[in-house]
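To start, the structure itself, in structure tokens.
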Amino acid sequence: MLKPSPVAPTVDFDRNGVQHGFLRLPYSRDDSAWGSVMIPVCVVRNGNGPTALLTGANHGDEYEGPLALYELARTLDPDAVAGTVIIVPAMNYPAFRAGTRTSPIDRGNMNRSFPGRPDGTVTEKIADYFQRELLPRADLVFDFHSGGRTLDFLPYCAAHILPDKAQEAKAFAAVEAFAAPYSMKMLEIDAVGMYDTAAEDMGKVFVTTELGGGGTARAETVRIARRGIANVLRHAGIVEGATAKSETRWLDMPSDDCFIFAEDDGLFETMADLGEDVREGMIIARIHPIGRTGLAPQEIRAKMSGILVARHFPGLIKAGDCMSVLAQ
């Protein structure tokens, strides 16, 4: 049997009104013997109805989600809510404070740590609390992502193709309601330990995004995030009002050929910009050797036709890094 979670919320998830508080996780360390990790949380509840669990900074260097969710927590009117909205703007709060993808405490990648452990690392304890306490409460789970410091994406909202087609249809309907410039039928290269998988295995409607990257946020992508989450809450019947319609272009990731990984270190040169059409066999990137002059770059060719939806962001690349992602 699992031990109880050490996380103690300072909010009551069943109380009506607006509450701002913390998920307090004891963390004894050199500079604070009886210290805690204090993860901000907001609960907006108005009677019975669906529950939405909204999260950002699952990876700490992705900022559209926190910008949208801190503002939503500040401005959401409980009188406009029918049900419950649980907002955690910075899910991996230690990573968010450090501006890193993984936690500086234990190097934990939150999105590879589920179902977590109540007696594990700090990251595993947070994952365990979401797995056992928050996900079971939710009908709709929305987790904001972008590319962080190492990737840059076309701004899209996404859900996964699922064995349960009724669950899948609900997820794609929420993606369409979000109304990002692009909507993706997502393929994961590694779904083990993901928050997505944990939510979907419970039968929840799970929706996510990739909204830019480079370790920053643009005005355009923040506007997409704020408008989109309002749309999804209206679509779910949790917040009153009509969704703000906008054209979206549906994309599909049909196979592993979508992903191209570097096999050498060097200086990265993309030969196509985000959103550009790509043909199978086309040179879409080059890796230039940097150890000496006079050496020809390695030419990287597309394994399928489609459009470029993501690319490596820093100027230098290492063997094993994802350099390009294509979709149809």
Side-chain angles (χ1 to χ4, degrees), residues 1-15 18-44 53-74 84-138 141-146 148-150 190 192-199 202 208 215:
M1 294 181 63
L2 289 175
K3 297 178 179 180
S5 171
V7 175
T10 67
V11 296
D12 181 349
F13 294 106
D14 298 316
R15 195 180 86 192
V18 179
Q19 301 171 75
H20 300 283
F22 302 94
L23 306 176
R24 187 180 70 82
L25 171 59
Y27 171 50
S28 179
R29 56 192 190 271
D30 289 341
D31 62 347
S32 185
W34 284 5
S36 298
V37 175
M38 304 290 281
I39 304 168
V41 62
C42 172
V43 183
V44 182
L53 174 58
L54 312 179
T55 52
N58 187 322
H59 296 130
D61 59 351
E62 302 172 5
Y63 298 107
E64 284 84 358
L67 284 165
L69 295 180
Y70 275 111
E71 178 162 293
L72 182 67
R74 180 177 60 83
T84 305
V85 182
I86 302 171
I87 305 170
V88 186
M91 187 179 181
N92 194 341
Y93 192 66
F96 176 65
R97 289 297 301 266
T100 54
R101 180 176 179 84
T102 62
S103 174
I105 296 172
D106 55 22
R107 310 318 309 175
N109 180 340
M110 182 66 71
N111 215 28
R112 300 295 185 275
S113 297
F114 281 81
R117 290 174 51 198
D119 56 353
T121 66
V122 165
T123 303
E124 289 173 331
K125 289 174 181 177
I126 297 170
D128 170 74
Y129 184 78
F130 273 79
Q131 177 86 32
R132 289 199 285 158
E133 302 296 336
L134 295 186
L135 282 177
R137 291 179 171 273
V141 182
F142 198 107
D143 188 37
F144 279 98
H145 284 267
S146 58
R149 290 188 292 179
T150 63
D190 177 18
V192 176
M194 292 185 73
Y195 183 44
D196 318 35
T197 307
M202 289 186 187
T208 188

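- Note: Phe142 CZ to Thr55 OG1 = 9.0 Å, rounded to the nearest 0.5 Å.
- In this structure, CG on Leu23 lies 8.5 Å from CD1 on Ile126, to the nearest 0.5 angstrom.
- Scanning all heavy atoms of the two residues, the minimum distance from Thr123 to Ser113 falls at CG2-OG, 3.5 Å.
- Atom CG of Asp30 has 12 or fewer neighbouring heavy atoms from other residues, nucleotides or ligands inside a 6.0 Å radius.
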- Query: Do Leu134 and Phe13 pass the side chain to side chain contact (heavy atoms under 4.5 Å, CB included) test, and can you show the C-alpha distance, the side-chain angles, and the key distance before you say yes or no?
  - Reply: CA-CA 9 Å; Leu134 295 186; Phe13 294 106; 3.6 Å; yes

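- With rounding to the nearest 0.5 angstrom, the SG atom of Cys42 is 10.0 Å from the CG atom of Leu69.
- When all heavy atoms of Pro26 and Pro6 are compared, the pair lying nearest together is CD-O, 3.3 Å.
- The distance from the CZ atom of Arg74 to the CD1 atom of Ile87 is 11.5 Å, given to the nearest 0.5 Å.
- Nearest heavy atom pair, residue Ala95 against residue Thr102, reads CB-O, 3.5 Å.
- Of all heavy-atom pairs between Glu64 and Ser146, the closest is OE1-OG, 3.1 Å.
- Residues Phe96 and Pro89 fail the side-chain proximity criterion, which asks for heavy atoms closer than 4.5 Å.
- Looking only at side-chain heavy atoms (C-beta outward), Asp128 and Arg117 stay at 4.5 Å or farther from each other.
- Taking the six-membered ring for Trp and thresholds of 30 and 60 degrees, Phe130 and Phe114 have ring planes more than 60 degrees apart, a perpendicular arrangement.
- At a threshold of 4.5 Å between non-hydrogen side-chain atoms, the residues Ser36 and Leu25 do not count as touching.
- Here His59 contributes atom NE2 and His145 contributes atom NE2; the two are 6.0 Å apart, rounded to the nearest 0.5 Å.
- Looking only at side-chain heavy atoms (C-beta outward), Met91 and Tyr195 come within less than 4.5 Å of each other.
- The minimum heavy-atom distance between Ala90 and Ile39, with the atom names listed, is O-CG2, 3.6 Å.
- For the side chain to side chain donor-acceptor pair (under 3.5 Å) test with Asp143, the passing option among Asn58, Thr208, Asn111 is Asn58; the others fail.
- Side-chain atoms of Val192 and Thr197, non-hydrogen and from C-beta on, never get closer than 4.5 Å to each other.
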- Go through the steps to decide whether Leu2 and Arg132 satisfy the test side chain to side chain contact (heavy atoms under 4.5 Å, CB included), and finish with yes or no. CA-CA 10 Å; Leu2 289 175; Arg132 289 199 285 158; 3.7 Å; yes

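- Residue Arg97 qualifies as open at atom CZ: its count of foreign heavy atoms under 6.0 Å is 12 or below.
- Asp106 places no side-chain N or O within 3.5 Å of a backbone atom of Thr121 that could act as its donor or acceptor partner.
- Nearest heavy-atom pair across Gln19 and Asp12 is NE2-O, 2.6 Å.
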